[in-house]
Asks: 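Provided herewith is a single structure, encoded as structure tokens, for subsequent inquiry.
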Amino acid sequence: AQSVTQLGSHVSVSEGALVLLRCNYSSSVPPYLFWYVQYPNQGLQLLLKYTSAATLVKGINGFEAEFKKSETSFHLTKPSAHMSDAAEYFCAVSDPTSGTYKYIFGTGTRLKVLA
Amino acid sequence: DAGVTQSPTHLIKTRGQQVTLRCSPKSGHDTVSWYQQALGQGPQFIFQYYEEEERQRGNFPDRFSGHQFPNYSSELNVNALLLGDSALYLCASSWDRAQETQYFGPGTRLLVL
């Protein structure tokens with residue numbers, strides 16, 4: 001069975017500061033991992049994905065994440081926060097051997113950016 | 001290129017009623033997955049449709065059913081609505097040969113009174 005844990009349901013950072021959103025996963029097979037962002041009253045937008053290629057993955061809007069198998073982590077970072085980054089962020093895991101790639105999501109982290 | 005579209009955007013129903021939600025996948029996609037996102041929670045997988053058949057189902061009761069049409073669009077039906085069915089229902093589409101990436105629609109927000 002797969003699961004995702006996102007540490008910190010709310011994270012606040014100052015504008016221009018480093019953004020670090022934590023995601024740990026559990027999977028019995030090498031997983032695929034994803035970060036999605038959700039703005040208020042909207043659907044999910046893909047930020048980046050890890051599908052067993054490079055362990056450091058770069059995404060849109062300056063975000064990146066590093067797959068660390070030894071730590072079962074896939075933390076999301078951005079060097080400098082912008083006001084427009086305020087949103088809810090979801091980490092998800094899927095099983096590439098399942099045939100359906102259904103996503104298992106974490107409970108989300110709400111990012112607040114302070115002026 | 002149109003993305004994933006869903007209708008309606010909002011819906012209010014009363015307990016015991018039935019509801020149908022609709023989804024049109026992104027152009028070129030043939031697989032549709034449905035997720036339920038309760039307030040303050042992450043989305044939960046309901047089921048996936050491919051070639052007009054349900055390919056996998058999550059931990060949801062039989063009150064939740066679906067359909068996929070030849071043009072790949074899909075419907076989610078929920079019977080005998082409960083208060084706990086109030087949620088944002090998200091449709092995601094993908095291409096069977098590149099299923100790992102799912103593209104989400106804006107969702108339908110269902111309120112059950």
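Basis for what follows: all heavy atoms, side chains included, without hydrogens, waters or symmetry-related copies. Chain A is the first sequence line, chain B the second, and so forth, proteins listed ahead of strands; every chain is numbered from 1.
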Asks: Checking B:Q37 against chain A: side chain, backbone, both or neither under 4.5 Å from a heavy atom?
Replies: side chain
Asks: Tell me, side chain or backbone of A:S94 under 4.5 Å from chain B's heavy atoms, or both, or neither?
Replies: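 Neither; nothing under 4.5 Å.
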Asks: Has B:K26 got its NZ or CZ under 6.0 Å from the middle of the six-membered ring of B:Y103, at an angle within 45 degrees of the ring axis?
Replies: yes
Asks: Given a strict heavy-atom distance threshold of 4.5 Å, which part of A:K102 is in contact with chain B: side chain, backbone, both, or neither?
Replies: both
Asks: Using the ring pair (Phe, Tyr, Trp, His ring centres under 6.0 Å) definition, which of the options A:W35, A:F105, A:F63 pairs with A:Y89?
Replies: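 So, applying the ring pair (Phe, Tyr, Trp, His ring centres under 6.0 Å) to A:Y89 and each of A:W35, A:F105, A:F63, only A:F63 qualifies.
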Asks: Does any heavy atom of chain B fall under 4.5 Å from the side chain of A:L46, the backbone, both, or neither of them?
Replies: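 Just its side chain gets close to chain B.
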Asks: Do the side chains of B:R63 and B:D85 get close enough for a salt bridge, i.e. N-O under 4.0 angstrom?
Replies: yes
Asks: Please check if the distance between the ring centroids of B:F60 and B:F47 is under 6.0 Å.
Replies: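 Judged by ring-centre distance (under 6.0 Å), B:F60 and B:F47 do not meet the cut-off.
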Asks: Around atom CG of B:L39, are there more than 12 heavy atoms of other residues, nucleotides or ligands at under 6.0 Å?
Replies: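 Count not over threshold, so no.
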Asks: Name the region of A:Q38, side chain, backbone, both or neither, that has any atom closer than 4.5 Å to a heavy atom of chain B.
Replies: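 For A:Q38, the side chain is the part near chain B, not the backbone.
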